[in-house]
A.B. asks: 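Take a look at the following structure, please.
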2 protein chains.
Amino acid sequence: MRADYVTRPREAVAEVLRAERRFFSANEIHRALSRRDAKVSLSTVYRTLEYLYAKGDATVRRDDSGESTYMHCVPEHHHHHAICQRCGRVEDVDCDAIERFAESLRSIHGFELDGHRMEFLGRCRACR
Amino acid sequence: MRADYVTRPREAVAEVLRAERRFFSANEIHRALSRRDAKVSLSTVYRTLEYLYAKGDATVRRDDSGESTYMHCVPEHHHHHAICQRCGRVEDVDCDAIERFAESLRSIHGFELDGHRMEFLGRCRACR
DNA sequence: ATATTTGCAAATAATTTGCACGTAA
DNA sequence: TTACGTGCAAATTATTTGCAAATAT
């Protein structure tokens, strides 16, 4: 893993990410920083996102167009996301029932489970 | 949508897809065809996959590296996939309970649901 | 005949990499 | 000081597109 140097570009990228609870593409972050004083090269944005992800400070998600998008996060228990298709805001969805169901796959299909992934797409309360 | 001309490239791509119940990348299909007599250009493979998808004869999935992968399918009810991480074989997972849970999101989070996506990753019975 | 697909080469778009230079520790 | 991050330009990878030639109807 990369060393934990505290640098201006890293702080700048992390700040953009922390500003809103939604997924950002490398490009969005790059453009956001270009608008302000804080110019950071696109490749550094990519490297920083990778770094933050490795550190556990960000989650990744491939959107439908295949772009990687990143969201700030704090290390926490396993959960799923409800993503608003209008404002992009992300809500966490906890559900032990789903976890239990996932486990039951083993008996239903003889499927040894390593992991699972779920996403709920729709409109949040505010955007409805 | 594209017209339903029956052509050698289309038949060839569909044949590869039908041969195994797993997701194929455009490249895999292209290489598979190159090995045999049936050479088809990579761009045609892409166009054909898009065509098959539009027709409802294939499903798409972005794998973790961001590549689009396609699997042959027949029009059927909504379900989820259990994907073997070793052989790539895909099993369908039906679960009304999960559907109901997804719907309940509306009351739990005030989230108006358009759709949801789930994937189970692990080892199938044969690969365990 | 004529609409449509195909192959090829060139264009895009997202991402990665090599390397000289700047900077945090 | 010196190990490590940064910027830039070039490379890579997946995918798309324009267009003339081939083919299905």
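Residue numbers start from 1 in every chain, and the chains themselves are labelled A, B, ... in the order their sequence lines are given, proteins ahead of strands.
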A.B. asks: If you compare every side-chain N and O of A:Arg62 against the phosphate oxygens of D:dA14 (OP1, OP2), does one of them come in below 4.0 Å?
C.D. replies: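 No, A:Arg62 has no side-chain N/O under 4.0 Å of OP1/OP2 on D:dA14.
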
A.B. asks: How long is the line joining CZ of B:Arg8 and P of D:dA24, in whole Å?
C.D. replies: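 After rounding, the reported distance stands at 10 Å.
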
A.B. asks: Base, sugar-phosphate, or nothing: which does B:Ser43 touch, judged by heavy atoms less than 4.0 Å apart?
C.D. replies: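 Result for B:Ser43 = base.
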
A.B. asks: Name the closest nucleotide to the B:Arg47 side chain, picking from D:dG7, D:dG18, C:dT15.
C.D. replies: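 Nearest nucleotide to the side chain: D:dG18.
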
A.B. asks: Round to a whole Å and report the spacing from CG of A:Leu42 to P of C:dA13.
C.D. replies: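 From A:Leu42 CG to C:dA13 P: 14 Å.
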
A.B. asks: What integer distance in Å separates A:Glu28:CD from C:dT15:P?
C.D. replies: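 That distance rounds to 12 Å.
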
A.B. asks: Working to the nearest 0.5 angstrom, can you tell me the gap between B:Glu20 CD and B:Met71 CE?
C.D. replies: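 Output value for this atom pair is 12.0 Å.
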
A.B. asks: Nearest-nucleotide wise, let me know which of B:Thr44 and B:Tyr5 is further upstream toward the 5' end of DNA chain C.
C.D. replies: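 Its nearest nucleotide being more 5', the pick is B:Tyr5.
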
A.B. asks: Around atom CZ of A:Arg86, are there more than 12 heavy atoms of other residues, nucleotides or ligands at under 6.0 Å?
C.D. replies: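 Not more than 12 within 6.0 Å, no.
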
A.B. asks: Just how far is it from atom NE2 of B:His81 to atom CD of B:Glu91, taken to the nearest 0.5 Å?
C.D. replies: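 These two atoms lie 10.5 Å from each other.
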
A.B. asks: Around atom CZ of B:Arg22, are there more than 12 heavy atoms from other residues, nucleotides or ligands closer than 6.0 Å?
C.D. replies: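 Atom CZ in B:Arg22 is crowded, with more than 12 foreign heavy atoms closer than 6.0 Å.
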
A.B. asks: Quick one: on DNA chain D, does A:Val40 or B:Thr69 contact a more 5' nucleotide (nearest heavy atom)?
C.D. replies: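 Nearer the 5' end of the strand: A:Val40.
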
A.B. asks: Does C:dA14 have OP1 or OP2 sitting under 4.0 Å from an N or O in the side chain of A:Ser25?
C.D. replies: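 Answer no for this pair, as no side-chain N or O of A:Ser25 is under 4.0 Å from OP1 or OP2.
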
A.B. asks: For the pair made of CD1 in A:Ile29 and P in C:dT15, what is the distance, rounded to whole Å?
C.D. replies: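 In whole Å, C:dT15 P and A:Ile29 CD1 are 11 Å from each other.
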
A.B. asks: Between B:Ala26 and A:Pro9, name the one whose nearest nucleotide on DNA chain D is closer to the 5' end.
C.D. replies: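 Result: A:Pro9.
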
A.B. asks: With a cut-off of less than 4.0 Å, is there a side-chain N or O of B:Thr7 near OP1 or OP2 of C:dT4?
C.D. replies: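 Checking C:dT4 against B:Thr7, no side-chain N or O comes under 4.0 Å of OP1 or OP2.
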
A.B. asks: Which part of the nucleic acid, if any, lies within contact of A:Ser68, taking any heavy atom under 4.0 Å across all strands shown: a base, the sugar-phosphate backbone alone, or nothing?
C.D. replies: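 Sugar-phosphate, backbone atoms only, no base.
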
A.B. asks: Which nucleotide sits closest to the side chain of A:Val6: C:dA25, D:dC4, C:dG7?
C.D. replies: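 Nearest to the side chain of A:Val6 among the choices is C:dA25.
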
A.B. asks: Heavy atoms only, 4.0 Å cut-off, all strands: where does B:Arg2 land among base, sugar-phosphate and nothing?
C.D. replies: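 The residue B:Arg2 makes sugar-phosphate contact but no base contact.
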
A.B. asks: Please tell me if A:Arg10 has a side-chain N or O lying less than 4.0 Å from either OP1 or OP2 of D:dG5.
C.D. replies: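 Yes, within the criterion.
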
A.B. asks: Does A:Arg8 come within less than 4.0 Å of A:Asp37, counting only side-chain N to carboxylate O?
C.D. replies: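 No.
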
A.B. asks: Rounded to the nearest Å, what distance is computed from the CG atom of residue A:Leu49 to the P atom of nucleotide C:dT15?
C.D. replies: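 The answer, rounded to whole Å, is 10 Å.
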
A.B. asks: Let me know the distance between CZ of A:Phe23 and C1' of C:dA14, rounded to the nearest Å.
C.D. replies: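 Those two atoms, CZ and C1', are 18 Å apart.
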
A.B. asks: Of all the nucleotides listed (C:dT6, C:dA14, D:dC8), which has the minimum atom distance to the side chain of A:Asn27?
C.D. replies: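 Shortest atom-to-atom distance from the side chain points to C:dA14.
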
A.B. asks: Backbone N or O of B:Asp64 within a donor-acceptor pair of the A:Arg62 side chain at under 3.5 Å?
C.D. replies: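 At least one qualifying donor-acceptor pair exists.
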
A.B. asks: Rounded to whole Å, how long is the line connecting atom CG of B:Leu33 with atom P of C:dT6?
C.D. replies: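 My rounded result for the distance is 12 Å.
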
A.B. asks: Could you tell me how far apart B:Tyr53 (OH) and D:dT16 (P) are, to the nearest whole angstrom?
C.D. replies: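 The distance from OH of B:Tyr53 to P of D:dT16 comes to 13 Å, rounded to the nearest Å.
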
